[in-house]
Amino acid sequence: MSDSFQTIPGTFDILPDAQSSSAGTVAPSHAWQHVEGTIRRVMQRHGVREIRTPILEPTALIARGIGQLTDIVSKEMFAFERGDAHYVLRPEVTAPVMRAYLQHHLAQLGGVQRLFYVGPCFRAERPQKGRYRQFHQFGTEYIGADDARADAETILLAVDIYRELGLTDFTVRLNSLGTAATRPAYKAALTAYLRPLAGQLSETSRERLESNPLRILDTKSEAERKLLEAAPVMLDFIDEESRAHYKDVKKHLEAAGLSFEEDPFLVRGLDYYTRTAFEIDSPVLGAQSTLAGGGRYDLLASEIGSKQEVPAVGFAAGMERLFLALEAAGIVLPEAAAPDVFVVTLGDRATDHAFPLIRAWRQSGLSVVYDLKGRSMKAQMREANRQQARRVVILGDAELDAGMAQLKQMDTGEQQSVPLSGLPGLLSAAT
RNA sequence: GUGACCGUAGCUCAGUCGGUUAGAGCGCCAGGUUGUGGCCCUGGAGGUCGGGGGUUCAAAUCCCCUCGGUCACCCCA
């Protein structure tokens with residue numbers, strides 16, 4: 001073990017078969033395919049189209065996009081340089097998607113761009129349950145929309161994906177952060193309220209009192225939460241338009257029959273959010289309880305160089321956390337598809353003869369497998385059983401001479417002798 | 001970055017008052033059926049007991065270091 005290579009801490013392999021090893025694989029590859037398939041299907045129904053952006057982005061895009069002072073940028077990025085160029089492995093994909101929107105002048109296409117993505121992101125944090133250094137996010141970005149329906153649809157889209165997967169045990173929390181113009185007043189009020197209480201705050205919260213007081217709002221400390229109970233509330237400070245927007249978002253969510261909680265202390269870790277902010281939490285995830293988070297980010301485009309303001313709203317969700325939640329909920333994902341046919345051969349002539357036949361059957365759309373180790377018939381049958389092949393074709397030299405083959409139905413054990421020429425028809429017929 | 005706990009076969013885990021060739025179940029391979037799976041029986045392969053150093057006549061077991069894992073803080077998907 002000492003000389004061999006392993007995955008880098010906080011990363012993992014996704015294997016075809018479930019493995020409950022310590023350096024866990026989270027879920028087997030077919031489970032990933034199933035979940036991703038569900039995501040794509042629900043996205044498709046909403047008219048949301050896929051965008052794929054590079055893993056590698058310019059460091060400045062991320063730094064300016066999500067805020068120089070955020071922890072992600074200040075200490076959690078995998079960044080490096082070559083020559084004069086500075087690169088990062090993307091820690092999230094909202095800024096890259098907005099970059100693509102601006103770079104390709106997607107606004108010129110008219111209307112709202114409804115985009116989604118699924119793919120890996122990277123953060124140099126210490127791994128723990130539900131948190132990895134290479135992790136996978138899916139999410140949407142509705143770019144060019146300031147309508148409150150876009151905010152509501154974004155939230156409902158995430159909810160629909162979870163429900164379609166069978167997940168029901170989660171809560172949606174909602175807040176409005178107002179605009180860049182109204183935030184300073186709230187910040188000042190919050191700071192004024194907390195300053196006299198500084199003695200009772202944790203060290204990090206005391207530091208934030210000066211740097212980023214809003215982040216104190218989502219402290220985990222019981223004591224601090226108590227102090228915050230009487231704190232001024234953001235909603236009282238936001239402008240009329242934001243208030244109306246927030247009201248509309250709630251109206252649409254209610255019309256859709258979604259139950260949600262208003263959480264006046266919900267803030268998000270990235271700087272670009274305005275107005276709507278939301279989180280979807282699962283009670284089963286332990287310390288990393290956030291399944292998905294998102295909101296409106298009308299400032300981002302300008303932040304990364306757009307001359308025009310571009311209203312936008314979206315969410316990002318963690319794949320790994322989704323798998324944890326599914327498992328905790330006892331939701332069993334479909335098994336990987338079993339092969340239609342397993343071909344057992346006996347003797348060199350039959351083995352050689354089968355090779356092109358197998359290829360032809362595969363070309364006709366069947367899933368066909370066979371043993372590549374030249375093993376005994378018994379071993380080949382065992383393998384067929386292990387792979388849960390529905391049918392087995394047995395071809396030996398004796399059959400070959402007679403132009404026949406044995407066709408065995410594995411679930412019933414029924415076996416019949418059939419002419420080789422008739423096999424393609426029999427195999428492609430339904431069980 | 002900080003802290004706690006953990007590290008014995010592919011997997012799940014026994015095995016510590018230090019004492020001969022390190023075990024089980026499952027999985028894998030083979031045989032029992034000279035050409036037939038799932039059940040059963042028999043046998044087998046697979047481990048430098050994470051790695052290094054130390055104490056000792058003797059270390060999986062005690063000590064130190066190191067690497068890795070897990071969880072939590074921080075932060076966040």
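Chain letters run A, B, ... following the sequence lines, proteins first and then strands; every chain starts at 1. All values below were derived from every heavy atom in this structure, side-chain atoms included, with hydrogens, water molecules and symmetry-related copies excluded.
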Letter by letter from the 5' end, nucleotides 27-37 of chain B scores (B base, S sugar-phosphate only, - none; protein heavy atoms under 4.0 Å) -SSS-B--BBB
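Of the two residues near RNA chain B, Glu320(A) and Gly10(A), the one whose nearest nucleotide lies more 5' is Gly10(A).
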Mind running salt bridge (Lys or Arg N to Asp or Glu O under 4.0 Å) on Arg64(A) and Glu303(A) for me, showing each step along the way?
CA-CA 6 Å; Arg64(A) 284 168 54 193; Glu303(A) 210 65 57; over 6 Å; no
Go through it in stages, so that I can follow the logic: the residues are Arg114(A) and Glu153(A), the test is salt bridge (Lys or Arg N to Asp or Glu O under 4.0 Å), and I'd like the CA-CA distance, side-chain angles, deciding distance and then a yes or no.
CA-CA 11 Å; Arg114(A) 289 176 159 98; Glu153(A) 183 168 312; 3.2 Å; yes
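A donor-acceptor contact under 3.5 Å links the side chain of Arg123(A) to the base of A77(B). One N or O donor and one acceptor, one from the side chain of Glu125(A) and one from the base of A77(B), sit under 3.5 Å apart.
Rounded to whole Å, the distance from CD on Glu36(A) to C1' on A77(B) is 15 Å. A straight line from CD1 of Ile8(A) to C1' of C67(B) spans 15 Å, rounded to a whole angstrom. Between the CD1 atom of Ile66(A) and the C1' atom of A77(B) there is a distance of 12 Å, rounded to whole Å. Glu76(A) has its CD atom 8 Å from the C1' atom of C74(B), to the nearest Å. Atom CZ in Arg173(A) sits about 14 Å away from atom C1' in A77(B), given to the nearest Å. If you measure from atom NZ of Lys129(A) to atom C1' of A77(B), you get 15 Å, rounded to the nearest angstrom. Rounded to whole Å, the distance from CD on Glu224(A) to C1' on C73(B) is 13 Å. Rounded to a whole Å, the CZ atom of Arg133(A) is 16 Å from the C1' atom of A77(B).
Across all strands, Gly130(A) comes closer than 4.0 Å to base atoms (heavy-atom distances). At the heavy-atom level, Pro91(A) lies nowhere under 4.0 Å from the strands shown. Nucleic acid contact for Ala384(A): none, since no nucleic acid atom lies under 4.0 Å from a heavy atom of the residue. Leu322(A) comes within contact range of no nucleotide atom at all, as no heavy-atom separation falls under 4.0 Å.
Listed for the Arg49(A) side chain is no donor-acceptor partner under 3.5 Å among the backbone atoms of Met43(A). Ser289(A) places no side-chain N or O within 3.5 Å of a backbone atom of Leu285(A) that could act as its donor or acceptor partner.
Thr11(A) and Arg133(A) share no side-chain donor-acceptor pair at under 3.5 Å. With no hydrogens or angles considered, a side-chain donor-acceptor pair links Glu141(A) and Tyr297(A) at under 3.5 Å. The closest side-chain donor-acceptor pair between Glu224(A) and Ser205(A) falls under 3.5 angstrom.
Annotation: C11(B) and G27(B) have their C1' atoms spaced 7 Å apart (nearest Å). U16(B) and C73(B) have their C1' atoms separated by 33 Å, with the value rounded to a whole Å. Between G54(B) and U2(B), the two C1' atoms lie 29 Å apart (nearest whole Å). Going from the C1' atom of U20(B) to that of G31(B) covers 33 Å, rounded to whole Å. With C1' as the reference atom, U21(B) and G50(B) are 24 Å apart, rounded to whole Å. Comparing the P positions of G18(B) and G53(B) gives an interatomic distance of 23 Å, to the nearest angstrom. One P atom belongs to C26(B), the other to G44(B), and the distance between them is 16 Å to the nearest Å. Only the P atoms considered, C41(B) is 47 Å distant from C67(B), to the nearest whole Å.
Between Phe12(A) and Trp32(A), the angle of the ring planes lies from 30° to 60°, which puts this pair in the tilted group.
For Arg375(A) and Glu383(A), the salt-bridge test passes: some basic side-chain N is under 4.0 Å from an acidic carboxylate O.
Environment of CZ in Arg173(A): crowded, with over 12 heavy atoms of neighbouring residues, nucleotides or ligands closer than 6.0 Å.
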Could you tabulate the donor-acceptor pairs under 3.5 Å formed by side-chain atoms of residues 313-329 of chain A, not counting sequence neighbours?
unit_1    : atom_1 : unit_2    : atom_2 : d
Glu320(A) : OE1    : His136(A) : N      : 3.0
Glu320(A) : OE2    : His136(A) : N      : 3.0
Glu320(A) : OE2    : His136(A) : ND1    : 2.6
Arg321(A) : NE     : Gly130(A) : O      : 2.7
Arg321(A) : NH1    : Thr290(A) : O      : 2.9
Arg321(A) : NH2    : Gly130(A) : O      : 3.2
Arg321(A) : NH2    : Gln288(A) : OE1    : 3.2

Under 3.5 Å for both distances, Watson-Crick or G-U wobble, that's the pair rule; now give the dot-bracket for RNA chain B, with | marking pairs to another strand and [ ] for crossing ones.
(((((((..((((.....[...)))).(((((.......))))).....(((((..]....))))))))))))....
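Counting only heavy atoms from C-beta on, Arg126(A) has its side chain closest to G1(B) among G1(B), C71(B), A77(B).
Look at Gln128(A) and you'll find a side-chain N or O under 4.0 angstrom from OP1 or OP2 of A72(B).
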